Structure formats: C-alpha cells, structure tokens
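So the structure is just underneath, and the comments pick up after that.
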Amino acid sequence: MAEQNTTGAGAGAVSGYDPQKIEAKWQKRWAEARVFETEADPSKPKYYVLEMLPYPSGTMHMGHMRNYAIGDVVARVKRMRGFNVLHPMGWDAFGLPAENAAIKNKTHPRTWTNNNIAQFQRVLRRFGFSYDWRREISTCEPEYYRWNQWFFLRMLERGLAYRKKSLVNWCPKCCTVLANEQVVNGGFCWRHEDTRVESREIEQWFLKTTAYSDQLLDDLKELEGGWPERVILMQQNWIGKSQGAKVRFAVADPASAGPIEIFTTRIDTIYGATALILAPKHPFVDKLLEGSPARAEAEAKLKKMRQTSVKTEDLATLEKEGFFTGRFALNPFNGEKIPIWVGNFVLMEYGTGAIMAVPAHDQRDLEFCRKYGLPVRVVIQPENTEPLDGATLSAPHEEHTGKLVNSGRYNDLAPDAAIRKMTADAEQKGFGKGETIFRLRDWGISRQRYWGTPIPVMYCPKDGMVPVPDKGLPVVLPPNPKLTGEGESPLASTPEFVNTTCPKCGGPARRETDTMDTFVDSSWYFYRYCDPQNDKAPFDSAKVAYWFPIDQYIGGITHAILHLLYSRFWCKVMRDIGLVKHDEPIARLFTQGMVQKGGVAMSKSRGNVVGAEEMAQKYGADTGRLYTLFAAPPEKDLEWSEEGIEGSWRFLNRVYRLIERHSNSVRGAKSESADAAATSAKEKALLRKVHQTLRRVTSDFESRWHFNSAIALIMELSNEIYAQEPLEDGVRPEVQKEVLELLTLMLAPMTPHLAEELWEMLGHTDGLWNASWPAFNEELAREDEVEIVVQVSGRVRGRVKVAAGAGEEEVLKLALADPGVSHHADGRRIVRKIFVPDKLLNLVVAG
RNA sequence: GCCCGGGUGGCGGAAUGGCAGACGCUGAGGACUUAAAAUCCUCCGGGGAUUUUUCCUCAUGUGGGUUCGACUCCCACCCCGGGCACCA
C-alpha cells in the first residue's frame with residue numbers, strides 16, 4: 001500500500017498534538033530550570049532510584065527503553081511526593097565487544113565506545129528521562145577506573161586480593177579467562193552461548209569473595225521483602241552452604257600416602273561406607289598407584305578419565321566410571337579396611353576431592369557400587385516399614401529418619417543425634433572435625449585483554465611483586481595498543497606500558513599486563529554517582545551516608561547472581577575499610593521483564609529489535625513510554641505489537657483533544673481543588689469518577705507498581721468524561737478544571753511532556769514539575785447509591801440498587817422483591833444469610 | 001533430579017475470597033466523507049431457550065478439597081518458562 005501523505009506520527013494526526021514539538025519544548029524548559037539536578041540535603045527525605053547502567057553497544061531498543069521508563073515513573077512520582085530524588089545515569093564502558101569491534105573496524109575501542117555512548121545519550125535525552133546528567137559517569141575514564149585500582153590496592157593490603165596459579169575457565173572466543181559466574185548452561189561462555197569453556201592453568205588474580213561467604217548468605221535475610229524471593233534463593237544456591245564434617249582415613253599401605261581426608265554431611269552413615277572414592281585429579285592418586293598391583297590397568301583408565309574430565313561434558317548424564325587403586329583405607333570409627341577407588345563423579349573442586357561411598361544411603365554411591373559389585377550395607381533403618389536389605393536395595397534411604405543399626409555404640413540413635421555425637425567423638429579423638437563448606441569460589445578478575453582497568457602492580461626482579469603506590473594512580477591504559485584478539489594480553493606487547501621503575505629499589509620492573517573483569521566497574525559505580533567529581537577519594541562518605549542504601553534498583557533478572565553478588569561483596573569490603581556504614585547497598589530490587597518480538601528477547605544478533613529512536617520519531621517519546629508501561633505489568637515479559645502502540649498513540653491524541661476543546665472555558669476559572677461541591681448530577685458523577693480513579697492510581701503507583709492497570713483506569717476516566725460531553729451543559733468551568741487537572745497530573749509520571757503541555761493549556765504558568773501529587777477526596781469519591789449483588793445459594797440471581805450503607809433488612813426486602821431472586825428463593829426456607837455491606841447478599845436456601 | 005515462576009476470550013491482559021474477561025488490540029457493522037485516512041457510535045468467550053425485552057447453562061491447564069461463595073486458599077497431577085545440577 002502506498003504511503004499516505006500524513007502529518008505527525010503514526011497513521012496520521014488530526015488534533016494539534018505534535019509530540020516532536022512539545023517534547024523538545026519541555027525538555028528545554030526542564031534543563032533551563034535544572035529540575036532534575038539534586039544535592040544531598042539532610043533536611044529532606046531522600047529517595048535513590050536507579051536503573052542498571054547500560055553497556056553502550058549497538059542501538060538502543062525498546063527493551064532498554066522499558067527499563068528506563070519504569071524507573072522514570074518511580075522517580076517522578078517520588079519527586080511529586082516531596083522526596084529529594086537521586087536518579088543518575090552512566091555507562092558501563094569497558095568490555096570485550098568494544099575491543100572486538102575495534103579490531104574488526106580497525107579503530108580504537110575508545111572511539112567505538114564513545115560513539116555508542118553519544119548515541120545512547122541522545123536517545124535517553126530524547127525520551128525525557130529525569131536524570132541528573134551532571135552526575136553522568138563512564139567507567140572507561142581514568143577518573144573513574146583509578147578508583148578500581150585504589151580499591152584493588154586496599155584489598156591487596158588486607159589479603160583480599162591474591163595471585164594464584166589455578167585451573168580457570170577459558171573462553172576461546174573471548175581469548176580470556178571467565179569467572180565461575182560467567183560460565184553458564186553447564187559449561188558455556190555467558191557471551192558466546194555456543195562456545196564451550198575450556199580449562200586452563202594460568203596464574204591470575206583473585207578477589208577473596210569466600211572471605212564473606214557467611215555474611216553474603218546471612219545478610220540475605222535483610223533483603224527479604226525488598227528483593228524478589230527467587231533472586232534471594234538463587235544467591236543462596238550459588239553460595240551453597242553445606243554443614244558436615246571432615247574425616248581422615250588412614251591408608252593401610254603404603255604409609256607414604258595419606259591420610260585421606262573426606263568431606264561428608266552424613267557422618268552418621270560412616271559405618272555403611274564400603275569404599276573411599278577419590279577425584280581423578282586428587283594429588284594422592286599417583287602415589288597410591290605406585291607399586292600397586294592394579295597399577296597397569298588403573299593408569300590407562302586414569303589417563304582417559306583425566307582427559308575427558310577436562311570438559312564439563314554433560315556431567316549429570318555422564319555414566320559413572322571408576323577403578324580400584326589396589327589400596328585400602330581404614331575407617332577410623334571401627335578400623336574396617338575398605339578399598340580405595342577413583343571415580344569420575346567426584347570433583348576435585350568441591351569439598352576435599354574425596355568421598356566415602358555409602359551406597360545404602362546415597363543415590364550416586366548406590367549406582368557406583370552396584371556397577372562395580374561393591375557391598376551395600378544398611379546402617380539406618382526407617383521405622384514402620386519392612387527392614388531394608390542391602391543385598392536387594394534398589395533405592396537408597398537418604399532421609400534423616402529412622403534409627404542407626406550396624407553402627408557399634410551408635411546403634412539406636414536418630415540420624416541427627418548421631419551426627420552431633422559422632423562429630424564430637426571424631427573431634428575428640430583427633431581424626432575429624434565439624435566443618436562448613438561453601439560452593440562459592442573466589443572471584444577471578446584477571447582478563448587477558450586491553451579494554452579494561454589495568455591491575456596496579458608490577459614485578460621487580462629484586463623485590464618481586466610490588467603494588468603501585470597510591471600516588472602512582474591511575475595506571476593509565478596506553479593510548480595506542482596493538483590489538484589482534486589473539487595470544488596474550490595486548491598490554492604485554494606494548495613496551496612503553498610494560499617497562500617501568502620499581503618504587504622500592506628504583507631498578508627496572510615490568511607491569512602486570514592483565515586487566516580487571518568489567519564486573520569490578522559495576523560493583524560500586526552507584527556510590528560514585530553520589531560524588532562523581534571527587535579526585536581525592538572514590539566518594540565522600542558523608543554524601544554516601546545520606547543517599548544510601550539505594551531505595552529502588554531496577555534491572556534484568558540476568559544479573560541475579562553476577563552483578564548483584566559482586567556488588568554485595570564490594571559493599572562489605574568498603575564497610576570493613578570504613579568507607580560506608582551499611583551492610584547492604586540495595587534495599588529494594590525490582591527485576592523487570594524483557595521486551596520480546598516473535599517470542600524471543602530483542603537482540604541485534606536475532607535481528608528483531610525495534611529501535612527506540614525510530615519509535616520516538618514516529619509516535620513521540622510519551623507514546624513509546626506509555627505503551628511499554630501499558631502492554632504488560634512491569635515484571636512480565638512484553639511482546640512488542642505495532643498495533644498496540646497505535647492504540648496508545650490514539651489515546652494520547654484523545655486526551656489532547658479533550659483538553660484542547662475545554663482549555664478556553666477552563667483557563668480563566670478558579671482552581672477549585674478538591675472541595676468543589678457538586679451542584680448537578682453530572683458534576684457529581686465526574687468528580688466521583690475522578691477521585692475514585694485517583695485513589696486507585698495512587699495505590700497502583702505507590703504500592704503495587706501496576707502501571708498497566710493504572711493506565712487502564714485513566715483511560716476509563718477519559719471515556720467517562722467523553723460520555724459526559726458536552727461538559728458546558730451543566731458542569732461549571734471550575735469543576736471541569738478540577739477534573740481535567742487531575743487527569744493531567746495522573747498522566748504526568750508516564751507521559752511527562754504531554755502532561756506539561758496540557759497543564760499549560762489549562763492555564764498554569766508555572767511548570768507542572770512544581771506540582772505535588774494530588775490527594776484524593778474521600779467525600780467526593782463516595783458512591784451514594786450502590787448496586788448489591790444478590791446470590792441464592794452462591795449463584796448470582798439478581799441485583800438491587802440501594803443507598804450506600806443500607807442495612808441488611810432493607811436489602812433483603814428489596815432482594816426478595818426481585819423477580820430473578822424470588823424465582824429461585826420463593827417457597828424455600830432461607831437457612832443462612834451472608835451480607836457484605838454495599839457489595840453482596842447471599843441467601844442460602846434449603847434443599 | 002532439586003528449587004523458583006507461570007497456565008484466564010482471536011491477542012496483550014484485568015479481577016488483593018464476593019457480578020470472570022476491566023482497559024487496550026484485532027475483527028464485524030454503522031455514522032461522517034466524492035473517496036480514503038482520521039474521528040465518533042454499536043457489537044464481539046462457548047452452548048442452548050426465547051418474537052422482542054430477556055433467561056438458563058458451561059467456562060480461568062486437569063482432578064479433588066476447604067468455603068455460603070474459589071481465577072484467588074489447600075492437596076495431587078499435566079504442560080510451559082527460568083535457575084542450579086554427580087556439591088558428597
């Protein structure tokens with residue numbers, strides 16, 4: 001179909017609503033009046049609302065936009081409610097895509113990044129979000145990343161940063177190391193979901209997140225109610241606290257190996273252990289095999305196992321395999337001699353890398369022992385069932401129920417009592433001890449890439465590893481690196497960066513060439529917003545004390561572990577350094593849904609993005625904002641619909657025409673505010689509707705965050721006003737004014753530009769930005785007449801109209817006169833009456 | 001396997017134990033117009049009865065339960081999405 005010759009947006013505008021003109025006009029006025037610029041002011045209640053800072057890549061699409069629209073509604077409502085609102089924006093500007101794009105386009109990562117930032121910034125400004133742009137930060141600037149380095153040095157001093165050669169996750173596409181948190185779907189790179197992570201042994205820097213395992217877990221309690229339950233659960237899972245005991249088994253011979261320490265959560269089942277199983281990578285394996293009769297066969301199997309175990313190959317479905325070492329261990333509780341095996345399902349990374357196999361009481365052990373014909377011995381008998389028999393057992397008894405048997409002096413104890421007693425005994429006799437272990441690992445932050453924060457240490461042949469002194473910060477990235485995307489860190493092949501002088505001995509030294517994981521940047525950026533220009537410290541603690549914690553944080557669920565766990569860790573470190581006083585940085589977290597098209601999240605690689613800027617050009621920012629808020633509740637995913645946004649566009653035009661039509665009669669009228677006494681039925685109906693709407697919209701904004709139903713209510717209000725047209729007929733200008741003003745104020749947080757324009761059309765000369773959120777008038781909202789639903793035995797059979805507050809007697813009399821009701825109730829005995837004033841009467845009849 | 005969400009018209013969704021389907025989209029019909037766009041009005045879950053007004057009945061994934069009354073609470077199951085996963 002040929003393009004119509006239309007003016008304005010969408011499929012054509014008829015009213016005077018011209019979003020392009022209006023939006024530019026009000027954005028200019030807001031900037032001139034510095035409406036969104038805030039300062040810490042202890043005399044005012046504060047509210048810190050923040051959307052997760054974007055990584056500026058590609059173009060900004062409606063998925064990004066929705067996130068900011070949600071935050072902006074909250075920021076504007078809180079501002080109207082009298083809070084001193086901090087609402088900043090910045091850029092997560094370091095990272096691999098910039099480096100890869102730079103290699104591809106033969107440009108500098110900084111150029112690529114800054115172009116994207118300019119694009120993102122232009123679009124955000126175009127949408128009129130209420131940011132204090134003076135506080136904008138970009139993490140790739142030395143003014144910012146010098147504080148990453150400063151924090152690193154503080155952690156180094158406290159032993160919270162350390163260097164270690166270890167097996168790491170290596171992404172062959174990123175050409176760099178990944179943190180455990182960046183490995184997804186059981187072994188794939190979080191950026192390249194089709195690329196399997198490899199295992200490499202590399203010397204790298206770690207931050208000691210495990211020093212805070214307990215606090216990171218325990219403090220989740222403080223977040224209950226403020227954070228989504230599932231995020232708390234995911235973090236709990238990730239930290240993975242496990243209480244149990246470590247027990248040492250002596251090796252029968254050769255005495256040179258061992259003792260072997262195992263970890264178990266079920267020490268109570270130790271009399272049922274029929275083997276010890278070591279991880280293939282356990283350091284004792286080679287020693288045990290030396291001179292062992294099983295050696296030849298075992299070594300072939302071991303070699304194969306060590307090779308395959310490098311890959312994280314579908315572990316859950318992998319067949320259990322193992323072999324006997326030819327050696328035996330002694331159970332310290334009863335001296336029993338049990339065989340030592342190696343098993344592919346035992347992980348060196350967890351616990352001690354060795355387990356005791358108790359086949360009668362653990363599924364995996366049972367599978368393993370059955371496969372290799374190892375004995376199965378029941379040591380806990382459940383009560384009130386047939387006694388279990390190890391020879392025939394097909395499912396292990398894993399529950400903490402029943403009583404111990406075949407366990408010497410511990411027989412007849414309940415499992416939990418036995419755990420306590422046996423742990424104490426092991427400790428007393430010196431072969432074991434109660435211990436708590438965690439799944440959480442330390443955070444590996446070394447990245448072998450250019451576009452990140454240089455790690456501020458150097459290596460001196462004389463003095464070894466030497467930290468860069470504070471006065472040497474920032475360690476700035478060299479301006480012209482050779483980027484190839486291959487091999488070692490690009491910094492290593494940049495001599496002017498690498499070669500430096502040792503601050504201790506004055507001799508030549510080499511700088512560390514790894515850079516920091518970009519999650520370091522985002523772990524504390526929200527503190528910097530409080531004091532973005534500070535060049536003496538990362539921030540002024542007094543300013544942070546005023547603004548923190550963040551009252552409302554908004555972002556995607558994808559960061560449930562990564563960013564949100566690192567941020568919590570960073571906060572605790574800063575607290576221990578003495579920079580902040582709180583334990584947790586984020587009081588409330590909201591995880592919004594994604595915008596999808598064709599059932600999948602918008603992304604450049606899928607080619608299903610709807611550009612935010614295009615939408616602003618076509619319909620205007622307000623329509624774009626309104627639609628993303630209206631189409632679904634904010635926590636749910638939203639399917640993009642072009643017809644849907646047309647509907648939002650039509651609605652805003654309808655509101656514009658409504659107010660345009662009445663602006664002349666209303667402009668000069670006195671603002672009656674809420675005490676306008678209605679003098680006609682029409683006035684009464686309008687005032688009632690508008691105050692009822694206000695009551696419910698206020699609650700949707702404040703407590704429920706149901707922006708979609710708030711918009712539906714405002715649409716209903718607008719429909720009601722249309723239904724009462726012509727207003728000139730029986731509605732005084734001051735009442736018209738009150739109704740239209742309240743409509744405008746309710747729209748203001750969502751469609752701020754249009755609302756300002758309407759506010760001006762209604763005769764206001766000071767901006768709407770000065771207006772407060774209106775209070776609803778209970779008196780005017782009250783219905784005088786209500787319709788009561790009459791049920792007979794729970795089924796609706798009629799409705800009666802009565803004055804509000806009518807008593808049961810009166811309603812009953814009217815109800816029985818209703819033909820629908822009498823048809824079902826006449827001649828039957830009423831057994832029971834349930835009366836809910838102003839709502840419902842249920843007559844329960846016999847038979 | 002374990003742990004979270006979720007399942008309501010053609011579609012997005014509404015309903016905080018009290019009229020299921022608000023509001024919007026799509027669709028149909030009408031008004032206006034030379035015409036189109038825009039705008040305005042009406043209808044729009046299924047089945048049945050009724051000439052009209054209207055009435056009955058089924059229906060919120062499935063099956064039970066609690067309740068005067070259940071989309072909402074409880075139990076079991078099915079399906080979809082997400083997280084974790086030989087974690088000892």
Side-chain angles (χ1 to χ4, degrees), chain A residues 4-8 10-15 184-186 228-238 240-242 244 262-266 277 279 314-320 343-347 349-358 362-365 367-368 437-439 557-558 560-561 627 630-633 635-648 650-651 653-654 657 699 703-704 706 708-716 718-719 722 725 787-799 819-820 823 831-834 836 839-845:
Chain A
Q4 295 293 334
N5 181 20
T6 54
T7 57
V14 165
S15 68
V184 298
N185 299 330
E229 210 186 316
R230 62 179 171 147
V231 176
I232 293 175
L233 282 165
M234 281 162 75
Q235 293 217 356
Q236 269 169 8
N237 253 328
W238 188 261
K241 184 174 182 168
S242 195
I262 59 116
F263 177 77
T264 178
T265 55
R266 294 300 300 272
I277 309 178
D314 301 356
L315 280 175
T317 51
L318 194 69
E319 175 83 6
K320 286 183 182 44
N344 64 346
F345 69 103
V346 180
L347 307 172
E349 299 78 42
Y350 187 76
T352 60
I355 63 162
M356 62 176 189
V358 184
D362 182 278
Q363 180 64 44
R364 294 154 305 170
D365 296 348
E367 277 174 45
F368 190 82
I437 64 168
F438 293 88
R439 217 190 71 110
I557 185 74
T558 41
I561 294 172
Y627 175 65
F630 177 60
E635 70 278 8
K636 282 190 68 172
D637 287 344
L638 179 161
E639 176 67 27
W640 182 261
S641 151
E642 197 64 30
E643 291 81 17
I645 195 171
E646 289 275 352
S648 295
R650 277 199 288 272
F651 168 67
N653 272 282
R654 207 164 132 92
R657 286 194 301 273
S699 127
S703 46
R704 304 201 317 164
H706 286 195
N708 57 327
S709 61
I711 295 166
L713 287 164
I714 296 169
M715 286 174 169
E716 268 188 66
S718 142
N719 291 345
Y722 265 86
E725 291 276 25
E787 194 177 69
I788 292 189
V789 171
V790 184
Q791 299 181 331
V792 178
S793 296
R795 306 199 60 132
V796 181
R797 300 298 182 182
R799 296 168 181 88
H823 179 248
V831 198
R832 201 175 154 184
K833 295 189 285 260
I834 292 100
V836 184
K839 269 195 177 160
L840 164 129
L841 176 67
N842 186 7
L843 304 172
V844 186
V845 297

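For the numbers below, each heavy atom of this structure counts, side chains included, while hydrogens, waters and symmetry mates do not. Keep in mind that this is a model prediction, so the values were computed, not measured. Chain letters run A, B, ... following the sequence lines, proteins first and then strands; every chain starts at 1.
At whole-Å resolution of the value, NZ in A:K636 and C1' in B:rG12 are 9 Å apart. Atom CD in A:E367 sits about 16 Å away from atom P in B:rA88, given to the nearest Å. Atom CG of A:N708 and atom P of B:rG24 are 13 Å apart (whole Å). Taking atom CZ on A:R364 and atom C1' on B:rA88, their separation rounds to 5 Å, with Å as the unit. A:I645 places its CD1 atom 14 Å from the C1' atom of B:rG12, with the value rounded to the nearest Å. If you take CG of A:L713 and C1' of B:rA22, they are 9 Å apart, rounded to a whole angstrom. The nearest whole Å value for the distance from the CG atom in A:L840 to the P atom in B:rA70 is 12 Å. Between A:I834 atom CD1 and B:rG17 atom P there is a gap of 18 Å when expressed in whole angstrom units.
For the side-chain contact (heavy atoms from CB on, under 4.5 Å) test, residues two or more places apart in sequence or in another chain that qualify with A:K833 are A:E808, A:L812, A:I830, A:L843. Residues meeting the salt bridge (Lys or Arg N to Asp or Glu O under 4.0 Å) test with A:E635, sequence neighbours left out: none. With sequence neighbours excluded, the residues that form a salt bridge (Lys or Arg N to Asp or Glu O under 4.0 Å) with A:E642 are A:K618. Residues passing the side-chain contact (heavy atoms from CB on, under 4.5 Å) test with A:E229 are A:L233, sequence neighbours excluded. In this view, A:N237 satisfies the side chain to side chain donor-acceptor pair (under 3.5 Å) rule with no residue, not counting sequence neighbours. The salt bridge (Lys or Arg N to Asp or Glu O under 4.0 Å) check on A:R230 picks up nothing, with sequence neighbours excluded. With sequence neighbours excluded, the residues satisfying side chain to side chain donor-acceptor pair (under 3.5 Å) with A:R797 are A:H824. A:Q363 is linked by a side chain to side chain donor-acceptor pair (under 3.5 Å) to A:E367, counting only residues two or more places apart in sequence or in another chain.
Here the closest heavy-atom approach between residue A:A357 and residue A:I277 is recorded as CB-CD1, 3.7 Å.
The side chain of A:R439 places no N or O atom within less than 4.0 Å of a non-bridging phosphate oxygen (OP1 or OP2) of B:rA88. Residue A:S242 has a polar side-chain atom (N or O) positioned under 4.0 Å from OP1 or OP2 of B:rA88. An OP1 or OP2 oxygen of B:rU16 is reached within less than 4.0 angstrom by no side-chain nitrogen or oxygen of A:H706. Dashed line: the shortest gap from a side-chain N or O of A:R797 to OP1 or OP2 of B:rC56 is under 4.0 Å. Of the side-chain N and O atoms in A:R795, one or more sit less than 4.0 angstrom from OP1 or OP2 of B:rC58. Within the 4.0 Å cut-off from OP1 or OP2 of B:rA85, not a single side-chain nitrogen or oxygen of A:N237 is found.
Rounded to a whole angstrom, the distance from the C1' atom of B:rA22 to that of B:rA76 is 33 Å. B:rU54 and B:rU42: their P atoms are spaced 16 Å apart (whole Å). Remark: the separation of the C1' atoms in B:rC87 and B:rG12 is 42 Å, to the nearest Å. Of the P atoms belonging to B:rG18 and B:rU72, the separation is 11 Å, rounded to the nearest Å. Nucleotides B:rU66 and B:rC55, compared at atom P, are 32 Å apart to the nearest Å. Rounded to a whole angstrom, the distance from the C1' atom of B:rC71 to that of B:rA20 is 8 Å. Straight-line distance between the P atoms of B:rA14 and B:rU33: roughly 41 Å, to the nearest whole Å. With both ends at atom C1', the span from B:rA15 to B:rU8 equals 10 Å, rounded to whole Å.
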I would like to know whether A:N842 and A:R832 meet side-chain hydrogen bond (donor to acceptor under 3.5 Å, both in side chains); could you show each step before the answer?
CA-CA 8 Å; A:N842 186 7; A:R832 201 175 154 184; over 6 Å; no
If you apply the rule side-chain contact (heavy atoms from CB on, under 4.5 Å), what do you find for A:F345 with A:D365, and how did you get there?
CA-CA 10 Å; A:F345 69 103; A:D365 296 348; 4.1 Å; yes
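With hydrogens and angles left out, the side chain of A:Q791 and the base of B:rG18 share a donor-acceptor pair within 3.5 Å.
Base engagement by A:V789 is indicated by at least one non-hydrogen atom pair under 4.0 Å involving a base atom. In this structure, A:D362 reaches neither bases nor backbone, as no heavy-atom distance under 4.0 Å exists between it and the strands shown. At the heavy-atom level, A:K833 lies nowhere under 4.0 Å from the strands shown. Within 4.0 Å (heavy atoms only), A:N842 reaches at least one base atom of the nucleic acid. Note on A:F630: a base of the nucleic acid sits closer than 4.0 angstrom, heavy atoms only. Within the nucleic acid shown, A:Q363 has no heavy atom closer than 4.0 Å to any nucleic acid atom. Note on A:D637: only backbone sugar-phosphate atoms sit closer than 4.0 angstrom, heavy atoms only; bases stay farther off.
In this structure B:rG69 sits in the anti conformation; its chi angle is more than 90° from 0.
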Show each protein N/O and nucleotides 25-29 of chain B N/O combination with a separation under 3.5 Å, one pair to a line.
{"residue": "B:rC25", "atom": "OP1", "partner": "A:R650", "partner atom": "NE", "Å": "3.2"}
{"residue": "B:rC25", "atom": "OP1", "partner": "A:R650", "partner atom": "NH2", "Å": "2.8"}
{"residue": "B:rU26", "atom": "OP2", "partner": "A:R650", "partner atom": "NH2", "Å": "3.4"}

Hey, what are the protein-to-nucleotides 40-50 of chain B N/O distances that come in under 3.5 Å?
{"residue": "B:rC40", "atom": "OP1", "partner": "A:R654", "partner atom": "NH1", "Å": "2.7"}

N/O contacts under 3.5 Å, protein versus nucleotides 30-33 of chain B?
none

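Distance from the side chain of A:L347 is smallest for B:rA88 among the nucleotides B:rG18, B:rA88, B:rC19. Distance from the side chain of A:K320 is smallest to B:rC86 among B:rG18, B:rC86, B:rG24. Looking at the side chain of A:F263, the nearest of the listed nucleotides B:rG18, B:rA14, B:rA88 is B:rA88. Nearest nucleotide to the side chain of A:V346, out of B:rA88, B:rU16, B:rA14: B:rA88. Relative to the side chain of A:R832, the nucleotides B:rA88, B:rC68, B:rG12 differ in distance, and B:rC68 lies closest. The A:L233 side chain lies nearest to B:rC3 when the options are B:rC3, B:rC23, B:rA88.
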Pairing string, 5' to 3', for RNA chain B - Watson-Crick or wobble contacts under 3.5 Å, brackets [ ] where pairs cross, | to another strand:
(((((((..(((.....[....))).(((((.......))))).(((((....)))))..(((((..]....))))))))))))....
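Expressed to the nearest 0.5 Å, how far CD1 of A:I262 lies from CD1 of A:I355 amounts to 8.5 Å. A distance of 10.0 Å separates OG in A:S709 from CD1 in A:I714, rounded to the nearest 0.5 Å.
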